[in-house]
Each structure stands twice: as C-alpha cells, then as structure tokens.
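Worksheet for the structure shown next.
For ligands, and for the atoms within them, numbers begin at 1 and follow the listed sequence. Remember, predicted model here, so these are calculated numbers, not experimental data. Numbers here are sequence positions counted from 1. The basis for the numbers below is simple: all heavy atoms, side chains too, and nothing from hydrogens, waters or symmetry mates.
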Amino acid sequence: MRIGLPRALLYFYFRPSLEYLDQENIAEILISSATNKRKLEQGLALCDEEVCLPVKVLMGHVHSLLEEVDALFVPRVISLEKKRYICPKFLGLPDMVRAGLGRKTPLIAPEINAGWSKSRQLREVAKSLRLLGVQPLKLWDALNRAEEVQKQHRRQLAVALDLPPAGKRVAVLGHAYNIFDEYLNFSILKKLSLLGMEPVTVGNFSRDQINQGACGLSKDLFWSYGRELVGAAFYCLNSRAVDGVILVASFGCGPDSLITEIIGRRFSDSPIPLMSIILDEHSSGIGLATRVEAFVDMLNWRDMA
Ligand code: SF4
C-alpha cells in the first residue's frame with residue numbers, strides 16, 4: 001500500500017524524522033514534489049477565499065497525490081508539547097481535505113496530542129496505521145528513533161548563533177512551511193546568501209535561547225510555533241545576535257497577525273531593523289526581491305554612516 005505524504009505544512013518541521021521513517025520501510029511512502037504553479041492553482045480552486053495560503057498549498061499537494069497513492073497521511077494535530085497547542089487549522093485538516101476532495105481516497109489521520117501519555121499516543125497512531133499491518137512494537141521503536149533523529153537535527157542546527165557570522169546575519173523568522181517552501185517565498189534564503197548575508201531561521205535558535213527571549217512576554221503564549229517566533233525575535237533584540245530581522249507571515253493567518261504585531265511593537269524603538277513580508281497567492285518575486293535588496297542595502301549603509 002502506498003501512502004501519500006504532502007510536502008506542505010508540518011512536513012517542513014518534521015522532514016528529518018519523516019525521511020528517516022521513509023528509509024525504515026515502515027510503509028511505502030510517496031512524498032509530493034515541490035510546490036509549483038499548478039499545485040498552488042489547484043489548492044486555490046479547492047479552498048474558500050479566506051483560508052490561509054499554506055493550507056491552500058497543502059490542498060494542491062494532496063490533489064497532486066490522489067492518482068498515485070492508496071491512502072493519504074493527513075494527521076489531526078492538536079498539540080506537540082505539553083500545555084501548548086498549534087493553530088486550530090491543523091485540528092481540522094483531515095476534515096478540510098475530505099470536504100475538498102471527497103472520500104474516495106482513504107485518509108490516515110491519527111490524532112496527535114502531546115498532552116496524552118506516550119502509550120495513548122502510540123495506541124492512536126497504531127490504530128490509524130492498522131490497515132498497513134505494522135506491528136505496534138516495531139512502530140514504537142521506529143517512532144522513538146525518528147524522534148531522536150529529529151532532536152539530533154535540531155541540536156546540530158542550534159549552534160549557528162555561537163559561530164562567527166559569515167557576513168551580516170539576518171534572522172528570517174516565520175513558519176517552516178513559509179521559510180523553506182522556495183516557491184512560496186521566492187527563495188528568500190538563497191537570495192540573502194547571494195547578497196552576502198548569513199540567513200538564520202527559528203531552527204537555528206536553541207530551546208534555551210527561545211525560552212530566554214519568550215521570558216520577555218508579559219503573558220506566556222500557548223501557541224507553540226508563535227511562541228518560538230516571538231522568543232527568537234526577542235532573543236535577537238536582547239543579545240544583538242543578528243544585524244536585521246525579516247518576519248515572513250502568511251496572508252489570512254490569524255496567529256501570524258498577532259505575532260507580527262507583538263514583535264513589531266517591541267522592535268519599534270530598537271536599533272535592529274525589522275522588515276515584515278506577507279506572502280499571498282498574488283505575491284510577486286520581483287517585488288519581494290526588491291524589498292530584500294533594499295533591506296540589505298540599508299544594513300550595509302548603516303556601517304558607512
Ligand atoms: S498558523 Fe497561520 S499559516 Fe499556519 S496553518 Fe494556522 S492560519 Fe495557516
């Protein structure tokens with residue numbers, strides 16, 4: 001049985017562990033190819049106007065897999081760490097996919113909730129993978145090893161700020177699905193590197209650095225990814241670890257509109273320049289490149305002043 005995995009949303013956070021599971025041959029997995037115009041247009045056609053851009057992109061990926069797989073993996077994610085939650089869109093994702101694409105292709109949609117005990121989480125995943133005939137113990141082992149691969153990957157990335165910068169350092173802060181989907185963001189990370197900057201992303205901040213930054217909030221945020229963004233941005237402000245910050249948000253995203261406001265206010269009288277970019281389906285690569293180039297020019301001119 002071939003399982004389709006859309007290269008969208010949480011795929012970009014969990015790529016190391018998902019690729020590890022793919023190699024482990026727990027199941028035959030087909031990951032959709034990179035986002036392109038066709039997938040985006042298909043996603044737009046399947047969603048309501050007001051849905052955020054990344055969910056529209058996911059729908060395009062799901063659609064691209066339909067003819068090639070026997071089932072689709074679209075988990076219902078509630079929480080990834082205790083007492084914190086992720087955006088409610090992830091909770092309703094399997095329902096959105098069913099509403100948009102019908103019930104012809106079965107969905108593997110385990111409920112993922114870090115608030116549950118480990119054994120309950122395993123039972124839930126094992127139940128949803130029953131049709132693959134995977135032994136629960138084998139699955140448990142593979143999931144534990146995949147978790148370790150993910151942690152190891154994070155540890156390797158999180159040393160970046162302790163190393164000497166290769167050029168001016170710019171923190172590009174946003175959800176992984178906006179930052180690492182090159183079609184959506186017009187390759188902003190590559191663009192910055194070509195302009196002589198060293199881009200860093202949220203993954204390059206250690207858990208401690210994020211917690212230190214997030215201490216600056218008057219009230220703790222219960223959104224996992226929103227808190228990471230605010231923590232990383234505030235850490236940049238306090239430590240002066242970067243020369244500039246670019247915030248990348250999605251049009252139609254409720255959490256991003258609040259996070260952008262919280263960060264923007266704190267940076268309003270700071271010496272570290274901040275630029276906000278909102279991605280939507282009408283974004284233009286030329287417009288974005290011009291803004292990035294102007295931002296980089298400004299960082300370079302500050303040294304000459
Ligand atoms: S956090 Fe924002 S961009 Fe991400 S799924 Fe939720 S609404 Fe969409």
Exercise for the section: Could you verify whether a donor N or O on one side chain and an acceptor N or O on the other, from N211 and R227, lie under 3.5 Å apart? Expected result: yes
Where ligand 1 meets [X] - atom numbers and elements under 4.0 angstrom, heavy-atom basis:
| X | result |
| --- | --- |
| C87 | 1 (S), 5 (S), 6 (Fe), 7 (S) |
| P54 | 3 (S) |
| S250 | 3 (S) |

Handout entry: E261 side, atom CD; L247 side, atom CG - distance, nearest 0.5 Å
Key = 11.5 Å
Handout entry: Straight-line distance of S32 OG to L72 CG, nearest 0.5 Å
Key = 9.5 Å
Exercise for the section: Measure from the ring center of Y13 to the ring center of Y225 and say whether it is less than 6.0 Å. Expected result: yes
Problem - Electrostatic pair R155:E148 at N-O distance under 4.0 angstrom - result: yes
What residue and atom, counting heavy atoms only, is the protein's closest point to [atom], and at what distance?
| atom | answer |
| --- | --- |
| atom 4 (Fe) of ligand 1 | Y177 OH, 2.2 Å |
| atom 7 (S) of ligand 1 | K89 NZ, 3.5 Å |
| atom 8 (Fe) of ligand 1 | C52 SG, 2.3 Å |

Handout entry: Whether F90 lies under 4.0 Å from ligand 1, heavy atom
Key = yes
Completion exercise
Going by the 4.0 angstrom heavy-atom rule, the piece of Y225 near ligand 1 is neither
Practice task
Check whether any N, O or S atom of C253, backbone or side chain, sits closer than 2.8 Å to atom 8 (Fe) of ligand 1.
Solution key: no
Problem - Heavy-atom pair with the smallest gap, counting every atom of G244 and L299 - result: CA-CD2, 4.3 Å
Handout entry: Of L107, I112, D95, L93, the residue whose pairing with R76 passes side-chain contact (heavy atoms from CB on, under 4.5 Å)
Key = D95
